[in-house]
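Shown next, in C-alpha cells, is the structure this report addresses.
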There are 4 protein chains.
Amino acid sequence: MALNRSGPTKDRIRRAAVKLFADKGFHGTGIRDLAQEARLSSASLYHYVGNKEDLLAGIMRDALGALLTAAHEVVDGVADPVERLGRLVALHVITHAVQREETTVVDNEVRSLSAETRQPVVKLRDTYERLWTEAIRDGLRAGVFHTDRPSVTRLALLEMCNGVARWYSPGGALDLEQLAGHYARLALRAAGCTDPGAVPDLARCRAVVNTVWATAETGR
Amino acid sequence: MALNRSGPTKDRIRRAAVKLFADKGFHGTGIRDLAQEARLSSASLYHYVGNKEDLLAGIMRDALGALLTAAHEVVDGVADPVERLGRLVALHVITHAVQREETTVVDNEVRSLSAETRQPVVKLRDTYERLWTEAIRDGLRAGVFHTDRPSVTRLALLEMCNGVARWYSPGGALDLEQLAGHYARLALRAAGCTDPGAVPDLARCRAVVNTVWATAETGR
Amino acid sequence: MALNRSGPTKDRIRRAAVKLFADKGFHGTGIRDLAQEARLSSASLYHYVGNKEDLLAGIMRDALGALLTAAHEVVDGVADPVERLGRLVALHVITHAVQREETTVVDNEVRSLSAETRQPVVKLRDTYERLWTEAIRDGLRAGVFHTDRPSVTRLALLEMCNGVARWYSPGGALDLEQLAGHYARLALRAAGCTDPGAVPDLARCRAVVNTVWATAETGR
Amino acid sequence: MALNRSGPTKDRIRRAAVKLFADKGFHGTGIRDLAQEARLSSASLYHYVGNKEDLLAGIMRDALGALLTAAHEVVDGVADPVERLGRLVALHVITHAVQREETTVVDNEVRSLSAETRQPVVKLRDTYERLWTEAIRDGLRAGVFHTDRPSVTRLALLEMCNGVARWYSPGGALDLEQLAGHYARLALRAAGCTDPGAVPDLARCRAVVNTVWATAETGR
DNA sequence: AATGAATGAGAATTCATTCAT
DNA sequence: GATGAATGAATTCTCATTCAT
C-alpha cells in the first residue's frame, strides 16, 4: 500500500517551500533549493508539483483558508464588538507567531503571483478583513470604540499584528497567550476602547489555531 | 564642469532601482529591467554602479541615514516623552507615505544583502530604533505611558507605522498631516498614554522630512 | 489463452505512435504523449516496447514490409510494363491514402533512426523501389515509355505519389479508385506512355492493400 | 564601426538554423546545436534571436517570400499557359535544388510553428500556389491541358517538384537546367499537354532564382 | 499487467557581468 | 560616456528511462 506515501513527500515539499519562500522570498528561492530542502532531485519535485507558482499559490490559499476558518470559529455568534476585535487580534497574532513562515509568505508574496492566481487569494484576504471591518464598525456604533477613519485604524491594527511574524520567535520570554493578550490590549486601546480591562478568550483562540492548522497540514 | 554630469544619470538609475526593488523585490528585478527603467543599456549601468547589490546597499544606507537624521532633528532636545514618541510616529509615518518606495525597500530587502553589507544597515536601524526605545522608557518612568513589555510595544508600534507604505497612496482622501496625526493618536493610546489630547508638531515633522530628503536626493 | 492479451495493448501503443509520429514527428512526440494517447502510464509503455526508437523502427519495418509484399502481389508475373507501373502507382497512392499515418512516418522519419536501425529500413525501401526501376526500364526497352534520365523520372513519380499522404483525406469528393486512376494516368503520361488509355487493375490493388494491412495490423 | 558586424553573425546563425532544421528537423535541433554550428555560445545566440521559433518563422517567411517574388518575375505577363506552367515548374525545381535546405524547412516544418506564426506562412504559400492553379486553369480553358480534377493534378505536380529537395545534390551528372527541363517535360505531359515540344525559358528561371536569393540573403 | 515514484541528463531561456570599441 | 557583443553560470522545467511494488 504505497497510497499514503505521496502524502508525506508532498508535505515535505510544501514545508520546504514554506520555509524557503518565507526566508528568502519567492524569487530568491530556486527550484534546486526547494529540492534540496525537500531531499529530492529537482526533477522529482515536478512529480508532485506543477510548477513553482502552483506551490506558492497552494501555500497562500491554504494559509488564508485556515485563517478565515479560524476567524469564523472564534468570532461567529459573538455579539460584543470588544470581545470580537480582541479575539481577531489574538487569533491573528497567535497565527503569525505559530505559523510564522506561512503568514510571512501570505503577507509578502502576493505580488509574486500571476494576475489570475492572485485574484482568488486577494478575494480570500478581503473576506477575512471584512470581519475586522465589521467588528470595528459595530464597536463604533455601540460607542465602545472611538476613532475617526476606522478603515485607516483597521489597516494600522492589521499591520501591527502582521509584524509579529517578523520578530517573534518561540521560546522567548513571552509565551503565546501573553503575547496575544498584550497585542489585544494595544489594539483595543488604539481603537479608543473605553474599558479594555476584559481580555478576550485567549485559550479559545489558541485552541482554534491549533486544530485548524492540524487539519490544514493533514488534509492535503 | 562636466563633473556633476554623472549626477543626473546616477540619480535616474537610483530612482529606477528604488521603484523596481520596491515593486518587484530585489530578486524579482533584473539588471535589464533596471537599465530599461533608467533608459540606458545594461552595460552602461555598470559605469555608474558596481553591481546590483551595491545599488541596493546604497539605497538602504541613504534611506536609513535620512530617517535617522530626520529623527534627530525632530526629537533632539525635546524633553516631553509624549511629544517625542508622537513626533517619531509622525515622522515615521510621513516618511513611509512620502518615500513609499525607499522605505519599502528598507523594510523588506534587508535579507537580500550579503552578511557584510547587511551589518552597517542593521546597525543604523538599531540606532534609529533606540530613539523609540528611549522615548517609551522615559514615558514609562514619567508615568505617562503604561505598558508592560515595552519592547514588544515598541515593535508593535514600529510595524504598525511601517505598514503605511503598504497601502497609502498620495492623492487619497487623507492628507499627510491627518494621516500622521491619526497614527500618533493610535500609537499614544496604545502606549497607554493617559492624556493624548495634545498632538505632536506635525508641520515640523513634515518639513524635516522634506528637507532631509531633498538633501538625500541631491547630495549624490 | 492469456497469451494474445498483450496484442490489443501493444496495438494501441502502436496506433498511438503511428498517429503522433505522423502528426508531430518523432522528435516532437514525447513518451508521455504516447502513453496518454494509448491510455496507459508511461512506465507501462515500457512493458511493451523497448524504447522510443524501437517503436519507430517497428512501424517503419512493418509498413515497408507491407508495401513490399503488396507490390509483389500486384506486380509479380505481370508482363506488360505499362500495367506494371500503373499498378505500382495505384498501389502506392492507395496505400498513402488509406495508411496515411504509416506512410507519413516512413517517408519523413528515416533520419530519426540511428545508423544501425536505419540500414535495414533503407534496404527494404531500395528493394521496393527496384520494382519501379524495373517497370520503367522494361517499358523503355519495349518502346512504350519515353524518357531520358529514367531514374530521375522514377524519383519524380515516387515523390508525386508520396505527396498524397500530405493532403488526401478520406471522405472527400474523390474516392480511392478515382484517385488511384488519376495518379496512374498522370504517371504514365509523364513517363511518355504512348497509349495510356488502358487503366491498371485498380480493384485488385485496393484489395491487396486491404488484405496486406489487415494482416499487418493483426499479426503482431 | 562595428555596425556591419551584426549582419554576418546574424547570417551565420540563420545559415546554421537552415542547415540544421533541414537536416534534423526543428524538434531534432537543439539550441546548443545551433550555437555550435554558428560558433557562438548558446547565450550569445539570444543576443540576435528572440527564440527558436522566431528563427524558424523568419526562415519560412523569407524563403516563401523569395519564391513568390521569383514566381511573379517569371510568370507575370506571360500569356501562354504552357510556358507559364513550365516556368513555374522549372522555377520550383531550381529553387528546390539550389536552396535545398530552405525549401526543405518550408516544406516540412509548417507544423512546428505555433498557430499564430503559422497563419501568415500558410497565407503566403496559398498565394504562391494560386499561380499554379491559374496556369492550369488557363491551359484547360485554352484546350492545351487535359485533366479532370485539376486541383488534384496541381497537388501532384507540386509534390513531385518538392521531392527534388529530397534527393538532388549539386555536382551530380545532371546540371540544373537539364533537371528543370526534365521536370517541366514530365509535368506538362502529366497535365495532358498536347505539344510539350517547346521548353520553358530555363535560363530566365535560373537567373531569377539567383538574383532573388542573392537579395534575400543580403537584405537582412 | 500495471504504475507511482524517482532521477540524471538535457531542454530552452535568462542571469549578472565584462570588455573592446 | 556609452553600448553592442559576448558569455559562463544559473534559471525553470521536460525528457526518456528505470525500478520497486
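Here is how names work: the chains are called A, B, and so on, in the same order as the sequence lines, proteins then strands, and each is numbered from 1. Values reported hereafter were calculated over all heavy atoms of this structure, with side chains retained and with hydrogens, waters and symmetry mates removed.
When both pairing distances are held under 3.5 Å, F:dA2 makes a Watson-Crick or G-U pair with E:dT21. Searching all strands for a Watson-Crick or G-U wobble partner of E:dA1 with both distances below 3.5 Å returns nothing.
Of the candidate nucleotides E:dC19, F:dT7, F:dT18, F:dT18 has the atom nearest to the side chain of C:A43. Checking F:dA2, E:dG8, E:dT3 against every side-chain atom of B:Y48, the shortest atom distance belongs to F:dA2. Nearest to the side chain of D:Y46, among E:dC19, E:dT14, E:dA11, sits E:dT14. Among the nucleotides E:dG8, F:dC13, E:dT17, the one closest to the side chain of B:I31 is E:dT17. Nearest to the side chain of A:N51, among E:dT3, F:dA16, F:dC13, sits F:dC13. Closest to the side chain of C:K52, from the set E:dA12, F:dC13, F:dA16, is F:dA16.
Comparing D:E53 and B:G30, the nucleotide of DNA chain E nearest to each residue sits closer to the 5' end for D:E53. Residue D:R39 is the one, among D:R39 and A:D33, whose nearest nucleotide of DNA chain F lies closer to the 5' end (criterion: closest heavy atom).
In terms of phosphate contacts, D:S44 brings a side-chain nitrogen or oxygen within less than 4.0 Å of OP1 or OP2 of F:dT7. Under 4.0 angstrom from either OP1 or OP2 of F:dT14 there lies no side-chain N or O belonging to C:R32. Of the side-chain N and O atoms in D:S41, one or more sit less than 4.0 angstrom from OP1 or OP2 of F:dT7. When the side-chain nitrogen and oxygen atoms of B:H47 are compared with OP1 and OP2 of F:dA2, none of them lie within a distance under 4.0 Å.
For C:L56 and F:dA16, the CG to C1' distance is 15 Å, given to the nearest whole Å. For A:F26 and F:dT11, the CZ to P distance is 14 Å, given to the nearest whole Å. In this structure, D:D54 atom CG and E:dT14 atom P are separated by 11 Å, rounded to whole Å. In this entry the distance linking CG of C:L34 with P of E:dT3 reads 15 Å, nearest Å. Computed from coordinates, the B:H27 NE2 to F:dT11 P distance equals 11 Å when rounded to whole Å. When the C1' atom of E:dG8 is taken as reference, atom CG of A:L40 falls 14 Å away, rounded to whole Å. Here the C1' atom of nucleotide F:dT12 and the CG atom of A:L20 are 16 Å apart, to the nearest Å. Distance CD (C:Q36) to P (E:dT3): 14 Å, rounded to an integer number of Å.
Counting any heavy atom pair closer than 4.0 Å across all strands shown, A:L45 reaches no nucleic acid atom.
Paired with B:E37 under the rule salt bridge (Lys or Arg N to Asp or Glu O under 4.0 Å), one option of B:R14, B:R15, B:K19 passes, and it is B:K19.
You'll find the side chain of A:L40 stays beyond 4.5 Å of the side chain of A:H47, heavy atoms only. Two residues are said to be in side-chain contact when any heavy atoms from C-beta on lie closer than 4.5 Å; D:L34 and D:V49 fail this criterion. Looking at heavy atoms from C-beta onward, A:Y46 lies in side-chain contact with A:I31 at the 4.5 angstrom threshold.
Checking side-chain atoms of D:E53 against main-chain N and O of D:S114 turns up a donor-acceptor pair under 3.5 Å. Of the possible polar contacts, none joining the B:E102 side chain to the B:A63 backbone as a donor-acceptor pair under 3.5 Å is found.
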